[in-house]
Amino acid sequence: MSHAEHAALIEEDPAYGQIICRCESVTEGEIRDAINEPVGARTINAVKRRVRPGAGRCQGGFCQPRVVEILAEERGVEETEIKLEDDGSELLIGETKELLLAESGEEVSADD
């Protein structure tokens, strides 16, 4: 698309101006579109296959956390429910601080 068409798209929806994957120049709008298609992406790898975030030089080192966040927002689920591919491939299991405190036997409070 031309620069003018791209600028018009960003004017209509600023998410198309927000780069999520710097390596592949993938925007937030493109990721949200891939998730919300009639047969939309439901996993990190499905998003990667459709619009390529995480397919570049860093292999998702920078963009994958943001892709997880967008998937969770669009699907209305917790980030811990987002899978890389199949059942059992969840990347997140909970809050790091809560897990570390639980393992050490210390109590976890809302103020921590």
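- Under a 3.5 Å cut-off, the side chain of Glu5 and the backbone N or O of Ser2 do form a donor-acceptor pair.
- Hydrophobic clustering keeps Phe62 apart from Leu91 (ILVMFWY residues linked when any side-chain heavy atoms are closer than 4.5 Å, directly or through intermediates).
- By the salt bridge (charged side-chain N to carboxylate O under 4.0 Å, His left out) test, Asp86 pairs with no residue at all, sequence neighbours left out.
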Applying side-chain contact (heavy atoms from CB on, under 4.5 Å), run through Gln18 and Ile20 and close with a yes or a no. CA-CA 6 Å; Gln18 182 66 40; Ile20 300 300; 4.1 Å; yes
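- The two atoms that bring Glu30 and Val51 nearest to each other are O-CG1, 3.9 Å, heavy atoms only.
- Although no hydrogens or angles enter the test, the distance criterion places no donor-acceptor pair under 3.5 Å between the side chain of Glu24 and the main chain of Cys21.
- Of the possible donor and acceptor atoms, one in the side chain of Ser89 sits under 3.5 Å from a partner among the backbone N and O of Leu84.
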Residues 41-49, side-chain donor-acceptor partners within the protein, below 3.5 Å, at least two apart:
unit_1 : atom_1 : unit_2 : atom_2 : d
Arg42  : NH1    : Ile35  : O      : 3.0
Thr43  : OG1    : Ala46  : N      : 3.1
Asn45  : ND2    : Glu85  : OE1    : 3.1
Lys48  : NZ     : Gly54  : O      : 3.4
Arg49  : NH1    : Glu85  : OE1    : 3.2
Arg49  : NH2    : Glu85  : OE2    : 3.4

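- The CD1 atom of Ile70 lies 4.5 Å from the CD atom of Glu28; values are rounded to the nearest 0.5 Å.
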Run Thr80 and Glu90 through side-chain contact (heavy atoms from CB on, under 4.5 Å) and show every step you take. CA-CA 7 Å; Thr80 53; Glu90 295 82 2; over 6 Å; no
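- Between the OH atom of Tyr16 and the CD1 atom of Ile31 there is a distance of 11.0 Å, given to the nearest 0.5 Å.
- In terms of heavy atoms, Ala72 sits closest to Ile82 at N-CD1, 3.8 Å.
- Scanning both residues, Val26 and Pro53, for their nearest heavy atoms gives CG2-N, 3.9 Å.
- Sorted by first then second residue, the salt bridge (charged side-chain N to carboxylate O under 4.0 Å, His left out) pairs that include residues 10-23, not counting sequence neighbours, number zero.
- By the salt bridge (charged side-chain N to carboxylate O under 4.0 Å, His left out) test, Glu69 pairs with Arg66, sequence neighbours left out.
- Here Arg50 pairs with Glu37 under the salt bridge (charged side-chain N to carboxylate O under 4.0 Å, His left out) rule; sequence neighbours left out.
- Legend: residues meeting salt bridge (charged side-chain N to carboxylate O under 4.0 Å, His left out) with Glu81, ordered by chain and number and at least two apart, are absent.
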